[in-house]
There are 2 protein chains.
Amino acid sequence: MKEAFISLDEKRQYEILAAAMGEFAEHGFTKASTNRIVKRAGMSKGMLYYYFESKRTLFDDALDFALVHIENHMLDGIASEKEGFIERCARLSHIKYRYFMAHPAISQFITSVYFSDDLNEEQKLRNEALIENREQILFDNLDLTRFRDDIDHRTAVKLIAWTISGYTREMEHMMKTEGMAFSRFDAYFDEFDHYLDAMRKLYYKEEYQ
Amino acid sequence: MKEAFISLDEKRQYEILAAAMGEFAEHGFTKASTNRIVKRAGMSKGMLYYYFESKRTLFDDALDFALVHIENHMLDGIASEKEGFIERCARLSHIKYRYFMAHPAISQFITSVYFSDDLNEEQKLRNEALIENREQILFDNLDLTRFRDDIDHRTAVKLIAWTISGYTREMEHMMKTEGMAFSRFDAYFDEFDHYLDAMRKLYYKEEYQ
DNA sequence: AATGCAATTGACCAGGGTGGTCAATAAAAG
DNA sequence: CTTTTATTGACCACCCTGGTCAATTGCATT
């Protein structure tokens, strides 16, 4: 990250880093191609090395950018008031989903990094901290009394988390293959609410359904 | 697939195709490397082209082999007797899991093919037929009366399927990262049974729990 | 108009990997 | 001993890689 890049306006910086993150997310560090990155970003090969020292530091800087960006943009509005686990999951899904729509490259980059091995120690630690932070947000300050008494809380939490992850995964797959129209998003969330209602009926005491 | 390959004993044929399928599964058709395939299979580059016409026909033959193999080996013992949806999912998970353990390369190959685009029309149709067949096995001849009356059957079926897919996905991820010891498989299935019991309590009428 | 500096290009490099070939062998069969 | 089959790996032309750099363009200041 040389001064030339820093003195670019924010929008252009974002474009370039997004191009890099998209490429890294798709191919991983080693098989990612700097040639494809410059093509995505709409610039010449020379500029990439005018802005960054090497492919490696480009990756590092992109990861830095992504982690900071997520910290600043996604983790707000999550001030965890007391709520049931289903409501918590639903709210976080909405937040995650909106963030993904607004910043797909960052989301995919961070997701791919989660499964990859080409991080240095410091990056691994930071990434783990992020994951732990997310866990905390997911589980902190829950109202667990809403659960039926005849089912173990920990079990219920696990089952619900798996269910929602399965649902969102299916939706992601559908959107990828069928290219869901933007107008259908409302239907997507209506459907989601329907399933949330059903889950409340299954997992919660009557007074909370 | 030349005669030379066909006159090989079955075991060696399997080894070679498994090597190819593993490589294709990991990298997709284009980025799969014939050099790595021969290394995996423990033979020389020349032999590959002594056995197969080209990389493309190798892929085609491997897919053929995989589809036939699955039809013959996995889809037995699934004679769908009347049972609840949870029991059905559990049984199919067991079958799928055993098959994965016995034939990981085939499993991963077929899974990867499901997400890839480099199939010709005939292969796409065959693959879709396989998927449809699986759906039928999953949903045919179910005892839906076991479900609680206050929850829609279709909704319940969806929720359960997502839950189980979430669980197995988490297990797969754990096994990949931590390299689950084979001795722990019993524990894996004990845990699985625990969650199945919980799900019965949630979704079924009392007399079926 | 002239100068100087920053931004920008893309041809170019050596290195490595690609799918595929083939003359040379080794092994087996006749 | 000869013929056929199995097997090797060096080799090919080609493509892509991360990275460099001389040359050019654009712009601001004199």
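Chain letters run A, B, ... following the sequence lines, proteins first and then strands; every chain starts at 1.
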If I take atom [atom1] in residue [X] and atom [atom2] in nucleotide [N], what distance separates them, rounded to the nearest angstrom?
X: A:Tyr49; N: D:dG19; atom1: OH; atom2: C1'; result: 5 Å
X: B:Phe5; N: D:dT7; atom1: CZ; atom2: P; result: 12 Å
X: A:Arg56; N: D:dG19; atom1: CZ; atom2: P; result: 11 Å
X: B:Asn35; N: C:dT21; atom1: CG; atom2: P; result: 14 Å
X: A:Leu48; N: D:dG18; atom1: CG; atom2: P; result: 10 Å

Phosphate-side-chain proximity, [X] and [N], N/O vs OP1/OP2 below 4.0 Å:
X: B:Tyr51; N: D:dA6; value: no
X: A:Ser33; N: D:dT17; value: yes
X: B:Lys55; N: C:dG19; value: yes
X: A:Tyr50; N: C:dA7; value: yes

Legend entry - Side chain to side chain, A:Arg126 and A:Asp64, heavy atoms closer than 4.5 Å: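 SC-SC contact between A:Arg126 and A:Asp64 confirmed.
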Inset, instruction - May I ask you to say whether B:Arg146 pairs ionically with B:Glu87, meaning some side-chain N is under 4.0 Å from a carboxylate O? - result: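 B:Glu87 and B:Arg146: salt-bridged.
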Inset, instruction - Could you check whether the rings of A:Tyr14 and A:His69 sit parallel, tilted or perpendicular, using 30° and 60° as the cut-offs? - result: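 The rings of A:Tyr14 and A:His69 sit tilted, inter-plane angle from 30° to 60°.
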Inset, instruction - May I ask you to list the residues of residues 10-32 of chain B, by number, that have any heavy atom positioned under 4.0 Å from an atom of DNA chain D? - result: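 Those residues whose heavy atoms fall under 4.0 Å from DNA chain D, taken from residues 10-32 of chain B, amount to none.
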